[in-house]
Amino acid sequence: MNLKSLQLSLMQAALQRKLRAIRANPQQEIPTLLDLREFFPSERSHDAQLAAVKRQLADENSAYYRLVARLIREVSEEHLSSFLLNFAYQSFNSGKKEIRSIQKREKIHVPWCLFVDVGSQSQHLTPSQLSQLFSAAQPLGLRCFLLDAAPSYPAFPALLRALQAADSCAFLLFLPPELVDAKSILQLAKTQNLLTLLDLDAAEGAALPSAIERLRRNRRLYGGFSRCGEVEASLPEAMRRAAAWDLPLLILRDANLGQLSLDEHRRARLDQLRQSLSAPLLPIDLYQDAAAADREVSGAAALGFVLSDGRFAFCDERRGYRVTEQSPLTQPLRAVFKTLRSP
């Protein structure tokens with residue numbers, strides 16, 4: 001075991017101890033969750049935000065306190081610690097340092113995360129192509145991937161094996177409930193670096209309640225997502241549906257991402273809503289929050305996409321959404337990023 005592997009093993013062990021302590025004594029341990037500093041932003045610019053969250057976690061009646069208690073109670077300890085280690089430390093804190101170093105040295109823009117449309121039966125990225133992409137991204141500090149799959153994606157078990165093999169990465173999978181069946185749930189349960197979010201816009205039928213029950217029974221139920229034309233207007237109805245299914249996380253996705261604009265007033269209103277929640281349900285404005293994280297990590301609010309035909313697309317505040325003829329499947333990922341303007 002090398003030094004980095006030893007360090008990660010010790011960090012995961014410390015995180016698992018903390019999760020066990022919270023489960024045993026939530027009133028005492030939840031308020032001290034942010035003491036695990038290696039998993040949270042360390043810059044002084046975040047002090048006010050962390051202080052606000054800490055106040056919420058000290059209040060047993062707050063939605064944040066109840067959300068943390070619920071996740072730790074209902075989600076597998078091993079799975080939660082593995083995902084948090086990859087997402088909060090490997091991808092955000094450690095990845096941030098590597099991305100900034102590469103950008104300073106090579107004058108290229110490396111996005112903090114990649115949205116990947118793995119496709120459908122008619123057009124899709126194969127698990128081997130995805131493994132190639134994950135391997136190429138990691139040396140650049142890019143270890144967070146948000147995956148879309150259609151109900152007809154033809155190689156779902158092999159896709160999950162590809163995610164398991166990329167064990168330093170964190171994956172969020174926007175999951176059609178049709179893909180959660182008696183066989184796939186066993187593979188999903190083994191994929192420790194994956195957070196699944198069910199499609200709440202799925203057609204009426206048995207697939208969604210069946211998927212929710214299977215994920216809940218295997219302690220893998222995190223939440224769902226909904227597409228919307230205007231996030232703020234759609235939020236009350238989306239939250240009502242998520243609460244009806246008793247889901248802790250809700251992702252809101254703009255149905256048509258044409259222009260990325262970090263509206264600080266919109267973010268402030270959503271932050272205010274999050275702090276005033278009465279139910280343990282956390283809404284996330286996907287593209288806005290991902291772009292804000294990218295600005296924090298790489299210095300520019302931008303999003304990167306790999307489409308199901310292999311082409312690379314990019315969206316930033318200055319030029320909006322555009323599809324390029326570059327492909328990380330046929331070109332080195334570093335070369336694809338060199339076509340982007342450095343922040």
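Heavy-atom basis, side chains included; hydrogens, waters and symmetry copies ignored.
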Colleague: Where is the tightest heavy-atom contact between Ser91 and Cys144, given as atom of each residue plus distance?
Modeller: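 Scanning both residues, the minimum pair turns out to be OG-CB, 3.1 Å.
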Colleague: Show, in sequence, the C-alpha distance, side-chain angles and deciding distance for Leu197 and Leu172, and conclude whether the side chain to side chain contact (heavy atoms under 4.5 Å, CB included) test is met.
Modeller: CA-CA 7 Å; Leu197 297 155; Leu172 283 77; 4.1 Å; yes
Colleague: Do Ser210 and Arg214 meet the criterion of a side-chain donor-acceptor pair at a distance under 3.5 Å?
Modeller: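 Result is yes, a qualifying pair exists.
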Colleague: What is the distance from atom CG of Leu114 to atom CG of Leu146, rounded to the nearest 0.5 Å?
Modeller: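 Reported to 0.5 Å precision, the distance equals 9.0 Å.
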Colleague: Backbone N or O of Ala290 within a donor-acceptor pair of the Asp294 side chain at under 3.5 Å?
Modeller: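 Looks like no, no N/O pair under 3.5 Å.
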Colleague: Got a sec, which pairs hit ring pair (Phe, Tyr, Trp, His ring centres under 6.0 Å) with one end in residues 149-170, sequence neighbours left out?
Modeller: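 Found His124-Tyr153.
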Colleague: Could you tell me which residues satisfy side chain to side chain donor-acceptor pair (under 3.5 Å) with Arg23, sequence neighbours excluded, listed by chain and number?
Modeller: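 With sequence neighbours excluded, Arg23 shows a side chain to side chain donor-acceptor pair (under 3.5 Å) to Glu77, given in chain and number order.
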Colleague: Test Phe134 against Phe145 for ring-ring contact (aromatic ring centres under 6.0 Å, His included), laying out the working first.
Modeller: CA-CA 9 Å; Phe134 304 150; Phe145 301 88; 4.8 Å; yes
Colleague: Between Tyr65 (side chain only) and Gln27 (backbone N and O only), is there a donor and an acceptor less than 3.5 Å apart?
Modeller: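 Side chain of Tyr65 to backbone of Gln27, a donor-acceptor pair under 3.5 Å: yes, one is there.
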Colleague: Could you state the interatomic distance from CD1 (Ile185) to CD (Glu213), rounded to the nearest 0.5 Å?
Modeller: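 Answer rounded to 0.5 Å: 10.0 Å.
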Colleague: Can a donor-acceptor pair be found, under 3.5 Å and without considering hydrogens, that links the side chain of Arg220 to the backbone of Ala189?
Modeller: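 Yes, Arg220 side chain to Ala189 backbone: donor-acceptor pair under 3.5 Å.
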Colleague: Who pairs with Glu98 by side-chain contact (heavy atoms from CB on, under 4.5 Å), at least two apart in sequence or on another chain?
Modeller: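 Applying side-chain contact (heavy atoms from CB on, under 4.5 Å) to Glu98 gives Ser94, Arg143.
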Colleague: Taking all atoms of both residues into account, what is the closest heavy-atom pair of Leu329 and Gln132, and its distance?
Modeller: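 It is O-NE2, 3.0 Å.
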Colleague: For Val336 and Ser327: C-alpha separation, side-chain torsions, deciding distance, then whether side chain to side chain contact (heavy atoms under 4.5 Å, CB included) applies.
Modeller: CA-CA 7 Å; Val336 173; Ser327 173; over 6 Å; no
Colleague: Hey, does Leu175 have a side-chain heavy atom less than 4.5 Å from the side chain of Asp199?
Modeller: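 No. Closest side-chain heavy atoms not under 4.5 Å.
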Colleague: For Ser131, does its backbone N or O pair with a side-chain atom of Ser135 as donor and acceptor, under 3.5 Å?
Modeller: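 Side chain of Ser135 to backbone of Ser131: a pair is present.
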Colleague: Is there a donor-acceptor contact under 3.5 Å linking the side chains of Lys18 and Thr32?
Modeller: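 Yes, because at least one side-chain N or O of Lys18 sits under 3.5 Å from a partner of the opposite role on Thr32.
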Colleague: Do the side chains of Leu250 and Ile284 get nearer than 4.5 Å, heavy atoms only?
Modeller: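 With C-beta onward as the side chain, the pair stays apart.
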Colleague: May I have the step-by-step check of side chain to side chain contact (heavy atoms under 4.5 Å, CB included) for Val297 and Arg100, ending in yes or no?
Modeller: CA-CA 7 Å; Val297 171; Arg100 287 179 175 176; 5.5 Å; no
Colleague: Side chains of Val306 and Phe115: closer than 4.5 Å at any heavy-atom pair?
Modeller: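 Side-chain contact under 4.5 Å: no.
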Colleague: Do the side chain of Arg322 and the main chain of Ala313 share a donor and acceptor less than 3.5 angstrom apart?
Modeller: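 Pair absent, no side-chain N/O of Arg322 close to backbone of Ala313.
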Colleague: State, yes or no, whether a side-chain contact exists between Leu252 and Leu286 at a heavy-atom distance under 4.5 Å.
Modeller: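 Of all side-chain heavy-atom pairs linking Leu286 with Leu252, none is under 4.5 Å.
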Colleague: For Ser9, is there any backbone N or O sitting under 3.5 Å from a side-chain donor or acceptor partner on Gln12?
Modeller: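 Side chain of Gln12 to backbone of Ser9, a donor-acceptor pair under 3.5 Å: no, none is there.
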Colleague: Do Gln103 and Val110 make a side-chain contact, defined as non-hydrogen atoms from C-beta onward lying under 4.5 Å apart?
Modeller: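 Gln103 vs Val110: side chains touch.
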Colleague: Using the side-chain contact (heavy atoms from CB on, under 4.5 Å) criterion, which residues pair with Asn86? Sequence neighbours excluded.
Modeller: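 With neighbours one apart ignored, the set is Gln90, Ala170, Asn193.
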Colleague: Do Thr126 and Leu130 make a side-chain contact, defined as non-hydrogen atoms from C-beta onward lying under 4.5 Å apart?
Modeller: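 No, their side chains stay 4.5 Å or more apart.
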Colleague: What are the two closest heavy atoms between Asn61 and Arg66, and how far apart are they?
Modeller: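 So the two residues come closest at O-NE, 3.7 Å.
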Colleague: Does Glu106 pair with Arg334 as a salt bridge, N-O distance under 4.0 Å?
Modeller: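 Salt bridge flag = yes for Arg334 with Glu106.
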Colleague: Once side-chain contact (heavy atoms from CB on, under 4.5 Å) is applied, do any residues pair with Ser120, and if so which ones, sequence neighbours excluded?
Modeller: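 Ser120: side-chain contact (heavy atoms from CB on, under 4.5 Å) contacts with Ser122, Ala150, Ser152.
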Colleague: Salt bridge check, Asp309 against Arg311: does any charged N sit closer than 4.0 Å to a carboxylate O?
Modeller: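 Between Asp309 and Arg311 there is a salt bridge, with a charged N closer than 4.0 Å to a carboxylate O.
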Colleague: Please tabulate, for side-chain N and O atoms in residues 239-249, each donor-acceptor pair with protein atoms closer than 3.5 Å (sequence neighbours left out).
Modeller:
| residue | atom | partner | partner atom | Å |
| --- | --- | --- | --- | --- |
| Arg240 | NE | Glu237 | OE1 | 3.0 |
| Arg240 | NE | Glu237 | OE2 | 3.4 |
| Arg240 | NH2 | Glu237 | OE2 | 2.8 |
| Arg241 | NH1 | Leu200 | O | 2.8 |
| Arg241 | NH1 | Asp201 | OD1 | 3.2 |
| Arg241 | NH2 | Asp201 | OD1 | 3.2 |
| Arg241 | NH2 | Ser226 | OG | 2.8 |
| Asp246 | OD1 | Arg70 | NH1 | 3.3 |
| Asp246 | OD1 | Arg70 | NH2 | 3.2 |
| Asp246 | OD2 | Arg70 | NH2 | 3.4 |

Colleague: What pairs with Gln331 under side chain to side chain donor-acceptor pair (under 3.5 Å), at least two apart in sequence or on another chain?
Modeller: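 Gln331 satisfies side chain to side chain donor-acceptor pair (under 3.5 Å) with Gln326 only.
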Colleague: Does Phe225 have any ring-ring contact (aromatic ring centres under 6.0 Å, His included) partners at least two apart in sequence or in another chain, and if so, which?
Modeller: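 Result, ring-ring contact (aromatic ring centres under 6.0 Å, His included) vs Phe225: Phe174.
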Colleague: Passes side chain to side chain contact (heavy atoms under 4.5 Å, CB included), Leu195 versus Phe171? Steps please.
Modeller: CA-CA 6 Å; Leu195 188 153; Phe171 299 98; over 6 Å; no
Colleague: Say you draw a straight line from CD1 of Ile72 to CZ of Arg20; how long is it, rounded to the nearest 0.5 Å?
Modeller: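 These two atoms lie 12.0 Å from each other.
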Colleague: Identify the two heavy atoms, one from Ser184 and one from Leu160, that lie closest to each other, and give their separation to 0.1 Å.
Modeller: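 Residues Ser184 and Leu160, closest heavy atoms: O-CD1, 4.2 Å.
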Colleague: Atom CD in Gln192, atom OG in Ser82: separation rounded to 0.5 Å?
Modeller: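 Output value for this atom pair is 5.0 Å.
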Colleague: Show every side chain to side chain donor-acceptor pair (under 3.5 Å) that has at least one partner inside residues 155-175, sequence neighbours left out.
Modeller: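 Checked against side chain to side chain donor-acceptor pair (under 3.5 Å) - neighbours excluded - the pairs reaching residues 155-175 are Gln164-Thr191.
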Colleague: Are the side chains of Phe83 and Leu194 in touch, meaning some heavy atoms are under 4.5 Å apart?
Modeller: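 Result no, sub-4.5 Å side-chain heavy-atom pair not found.
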Colleague: Would you say the rings of Phe314 and Tyr321 are close, in the sense that their centroids are separated by under 6.0 Å?
Modeller: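 No: the rings miss the under 6.0 Å criterion.
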Colleague: Taking the side chain as C-beta and beyond, is there a heavy-atom pair between Gln28 and Asn25 under 4.5 Å?
Modeller: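 Counting from C-beta outward, Gln28 and Asn25 do come under 4.5 Å.
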Colleague: Can you name the nearest heavy-atom pair linking Ile30 to Leu57, along with the distance?
Modeller: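 Heavy atoms only, the tightest pair is CG2-O, 3.7 Å.
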Colleague: Looking only at heavy atoms, what is the nearest atom pair of Pro328 and Phe312, with distance?
Modeller: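 Nearest heavy atoms, Pro328 then Phe312: CD-CB, 4.1 Å.
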Colleague: At what distance, to the nearest 0.5 angstrom, does CG of Asp148 lie from CG of Leu173?
Modeller: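 Interatomic distance, Asp148 CG to Leu173 CG, rounded to 0.5 Å: 8.0 Å.
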Colleague: Can you sort out the partners of Thr196 under side chain to side chain donor-acceptor pair (under 3.5 Å), two or more places apart, ordered by chain and number?
Modeller: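 Once residues adjacent in sequence are excluded, Thr196 has no partner under the side chain to side chain donor-acceptor pair (under 3.5 Å) criterion.
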Colleague: Measuring from Leu125:CG to Leu133:CG, what's the distance to the nearest 0.5 Å?
Modeller: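 Going from the CG atom of Leu125 to the CG atom of Leu133 covers 8.0 Å.
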Colleague: By side-chain contact (heavy atoms from CB on, under 4.5 Å), which residues pair with Ser308, not counting sequence neighbours?
Modeller: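 side-chain contact (heavy atoms from CB on, under 4.5 Å) list for Ser308, sorted by chain: Asp117, Gln123.
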Colleague: Go through the structure and list residues passing side chain to side chain donor-acceptor pair (under 3.5 Å) with His79, not counting sequence neighbours.
Modeller: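 His79 satisfies side chain to side chain donor-acceptor pair (under 3.5 Å) with Tyr222 only.
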